[in-house]
Every structure is written in C-alpha cells, then in structure tokens.
Amino acid sequence: MGAVCCRPTPVDFDGEVSLFHFVLLRCVGKGAFGKVRVVQHKQTRDLYALKYINKAKCVKMKAVANVIQERRLLEEVDHPFIVNLRYAFQDDENCFFVLDLMLGGDLRFHLERLGSLQEDVVKFYVAQLSSAIEFLHEIGIMHRDIKPDNILLDERGNAHLTDFNIAVHFSERKLNGVAGSMAYMAPEILAKRGYTCHIDWWSLGVCVYELIFGRRPFRGRSNSDLTYNISKDPLKWPEDAEKKCSRPGMLVIKGLLDRDPSRRFGCKPNGEGYQELRRHPWLKTIDWDTLESKEQIPPFIPDSKKANFDASHELEELLLEDNPLKAKQRKLNQENMSAEMRVMEEQFTSYDFKKMQRRSYYPHNQQLISTATATSSGLASSRPATPATDLRPDNGVGIASGSMELQGMDAEETTKEVTEKEYQ
Ligand SMILES: Nc1ncnc2c1ncn2[C@@H]1O[C@H](COP(=O)(O)OP(=O)(O)OP(=O)(O)O)[C@@H](O)[C@H]1O
C-alpha cells in the first residue's frame, strides 16, 4: 500500500500546461503580489523563472486589469533582450507566468553592491536595452517602467528588460495616465499634457546616469520637489563625472535626457532615432551585427558561485510561508466566484510557447507581431483566427468579458506610481 501512495502522479505533458509540469526550486524574488522562484520543466529539464500572483490579493489591490494586460502583452513579445514569456496558466489560487530565467540578478542589486558601474559595462547594456526598446516600440508597446530594478542579467551578463505590469499599447492618441516610478518618469508624463513611447528613452537616460555615477540626475525631498526638478532643473554632473564617464558618454546621457521629446535621442520616427543612437561615437565600439545573437562576451560576468539575489526570500519561504506553493488539482466553483475572479479565470488564458504561436490581442497589432517575432515562426497556432475579447487600454476600453465589463479598469489609468521615498 505504501508503495502505491508514494508513487508520483503521472504528468500529462500533452495536456494543458500546469504547475504539475514543473519541479519547484529555490525562491529568488518577491513582487508586489507574489513571488518568483526557479523551476525546472519535468520533461525538457529546462530551467525557468516562475512568477506567481495570488489572485485574491490581486483582486483586493485592484490589479486584475494589470495582470491580464501583462499576460497579453508578454505573449506578443519575443526578443533576445527581454525576459520572454514561455508558459502561462492558473490554478484556483494563483496566476502563473513562466519566464526566461535570469540568474545574474537585477541591476538594482548590483548597483547597491558596487555603488556604480564602469562606463563600458553600462554602454554594453545601453546597446542591448536600446535594441529591446526599439523592438517594443516597433510593435506598438511602451514599457513605462524602465529602471535598474527591471533590468535583469542572465548568468553570462546580458541585460534583459522585464516587468510589463504597466506596459501599454500606444497609437497616435497620446496617453495621460501618470504611470511608472517617479524618479524615472519623463517630464511630459508629469506635465499631464499627453505622452507617447518617447518616455522610455528618457527613463533609459536616467538609468545610464544612475548606473555610471551611482546617483540619479534628478532628486527631491518630496514628490513636488522631484516633479519640479525633473521638469525644470538643469542637468547637473557630479564633481567627479569626468573620471567616470567619457565626453561621448555624457553626450548620450544629455541626449536621452532632453526634455523636448522631438529632440531626445532615440525618438526620431520610423526607427531613425535608434539608428542615430547606433551610429553615435560613444557606441562605435559595439558590434551591432553580433549583439542580438549574444555572441559577444559581456564586460561584466555575474559571480555564478554567489546568489545574485536577496537570499532572504528563500529563508522567508522556508520559515514564514504558511501556505507554501504546491501543485493542486482545480476545484473551481464558478457559481460563487466574484466578477473580478471570473475575469481572471476567463482572460488569464493558458500559453505554451512550444505549442502556440505568439499573437497580439489587439487587432491593429496582429500584422506587426507576425513579422516582428521571427523566433516563433514554424509553430502552429492553436488559437482562433479572430481576436479574443478585446482589452484596449490605449483606446480607453475597459476589460470586457462576455456580457460583463469592468468599468474603470483601463490599465492606462490603473497605474503604479512609485514615489521617490521608496528609493531613499
Ligand atoms: N525571470 C526572472 N529570473 C530571475 N529572477 C527574476 C525574474 N523575474 C523576476 N525575478 C526576481 O524577482 C524579483 C521580483 O520580480 P517581480 O517582477 O515579481 O517583482 P516586481 O518587479 O516588484 O514586479 P511587480 O511590480 O509586478 O510586482 C525581481 O526583483 C528579480 O530579482
């Protein structure tokens, strides 16, 4: 009898992806609604990062729209310098994102330990991140939360953009929602006169300054102070700036931190801004031809013998977690489900990168995705040809679910504003 009860439940790998398909390994991070841990696919043995979000917490914090939007946008994206989605699924308690695993830690972690980074290292990240930003803008997505915390290194030291929690589609119509982490917000967001994807280049400029000099270009004791400084204060350099950064490097920072989006580096239309950046003397040492194939040896290789993350997450999970993550069969009772829970149930759909073709949930973007995401070619789509129930925050449409519509859940408006305080 004992032998029978201990036999592991057979896993149906031909069926829909679920937590049963993975071995749960160590915890590496904690987000606002859930945790991140390393997992191994039981069949392929590939390692991934599993980000899981507690559904009840998500409803309580009115973040359902953001989580569904993040899931949908991530399906559109496939790029060497983005933390790509590989699988998505849910159980009764959590929504799960299975993402490319980044064992090199985030740039906030490295910045805090090192104080600042060498100019050449930052230059390498700028090349990789600008390629990612340009890709996103090409397919009509602005990230809105570019900051060192959201830049993750793989074990070889390549930079990847992550956290699409407040990313959004953009079109000709400018957005107005104040979104992002205040210290990295472009002046046009704070001015509330409408903004577009140019804001991501500004945030990149703030990151470059902070990574090289170990402090941010605009600071403030209060939000209004910070708003004033971002909007009006002339860009100042630290006293030892010339020891840490070359003249061309400073010119790139200055160009990215131009308050006029029409003059800002990276912003010229039709990819011309990105091409200009690539041609800039500061970036002439970058071999752009082999950058995206990751053939180059990154100038900073994270220490593989040390954990490049805060080890307290692991301890917390072991000692304090009273409901540790475990694969469970679903017991769903649709009748007693709240409206928000039902939206999550229906709209946080399963995704399996081995079986499905990436696609856009936004009709105007479908053509762009099929041409831009080259790596997904050759896979059969198991999706209906017509788009699913639409969620278009850029058009001011709330999340619609069959006959139900959750008003006021436009993800452009349900934004996350991180104030300067959190960084002091
Ligand atoms: N793909 C990944 N590989 C390795 N570690 C990761 C990965 N994604 C996230 N992490 C780690 O987990 C931490 C939390 O990530 P997560 O995106 O959940 O949190 P967050 O940035 O606070 O996002 P949110 O604001 O959506 O809660 C990150 O700081 C990072 O250290």
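The cationic atom of Arg86 (NZ for Lys, CZ for Arg) does not lie both less than 6.0 Å from the six-membered ring centre of Tyr48 and within 45° of the ring axis.
A parallel orientation is assigned to the rings of Phe22 and Phe89, their planes being inclined by less than 30° (bins at 30° and 60°). Ring planes of His143 and Phe164: perpendicular class, angle over 60° (limits at 30 and 60°).
We find the SG-CE distance between Cys95 and Met344 to be 5.5 Å, quoted to the nearest 0.5 Å. Taking CD1 of Ile166 as the start and CG of Asn66 as the end, the distance is 8.0 Å to the nearest 0.5 Å. Once rounded to the nearest 0.5 Å, the distance linking NZ of Lys35 with CG of Leu50 reads 12.0 Å. Considering OG1 of Thr162 and CD1 of Ile82, their distance stands at 9.5 Å, rounded to 0.5 Å. Going from atom NZ of Lys57 over to atom CD of Glu93 covers 12.5 Å, rounded to the nearest 0.5 Å. Atom OH of residue Tyr228 and atom CG of residue Asp233 lie 7.5 Å apart, to the nearest 0.5 angstrom.
Using a cutoff of 4.0 Å between basic side-chain nitrogens and carboxylate oxygens, Lys268 and Glu276 are scored as salt-bridged. Salt bridge Asp91/Arg330: absent, no basic N to carboxylate O contact under 4.0 Å.
When each of Lys147, Arg108, Arg215 is tested with Glu210 by the rule salt bridge (charged side-chain N to carboxylate O under 4.0 Å, His left out), just one qualifies, namely Arg108.
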Check the pair Gln69, His169 against side-chain hydrogen bond (donor to acceptor under 3.5 Å, both in side chains), reporting the backbone distance first and the verdict last. CA-CA 10 Å; Gln69 174 132 314; His169 271 281; over 6 Å; no
Do Glu155 and Ser304 pass the side-chain hydrogen bond (donor to acceptor under 3.5 Å, both in side chains) test, and can you show the C-alpha distance, the side-chain angles, and the key distance before you say yes or no? CA-CA 7 Å; Glu155 76 264 39; Ser304 61; over 6 Å; no
Criterion side-chain hydrogen bond (donor to acceptor under 3.5 Å, both in side chains) on Asp287 and Thr290, from CA distance to verdict: CA-CA 6 Å; Asp287 179 1; Thr290 58; 2.9 Å; yes
Passes side-chain hydrogen bond (donor to acceptor under 3.5 Å, both in side chains), His79 versus Ser131? Steps please. CA-CA 9 Å; His79 190 271; Ser131 156; 3.2 Å; yes
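No side-chain N or O of Gln347 forms a donor-acceptor pair with one of Arg71 less than 3.5 Å apart. For the 3.5 Å distance criterion, the side chains of Lys174 and Thr196 fail to qualify, holding no donor opposite an acceptor.
Tyr351 has its ring centre no less than 6.0 Å from the ring centre of Tyr87. Between Tyr184 and Trp201, the distance from one ring center to the other does not fall under 6.0 angstrom. In this structure, the ring of His137 has its center no less than 6.0 angstrom from the ring center of Tyr274.
Residues in residues 277-286 take part in these salt bridge (charged side-chain N to carboxylate O under 4.0 Å, His left out) pairs, two or more places apart or across chains: Glu272-Arg279. Residue pairs meeting the salt bridge (charged side-chain N to carboxylate O under 4.0 Å, His left out) criterion with at least one member in residues 181-205, sequence neighbours excluded: Glu188-Arg264.
The two residues Pro187 and Ser231 have their closest heavy-atom pair at CB-CA, 4.3 Å.
The closest donor-acceptor contact from the side chain of Asn84 to the backbone of Asp100 lies at 3.5 Å or more, if one exists at all.
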Output a table of donor-acceptor pairs, distance under 3.5 Å, between side-chain atoms of residues 237-252 and any protein atom two or more places apart or on a different chain; print 'none' if there are none.
unit_1, atom_1, unit_2, atom_2, d
Ser246, OG, Glu119, OE2, 2.6
Ser246, OG, Gly249, N, 3.2

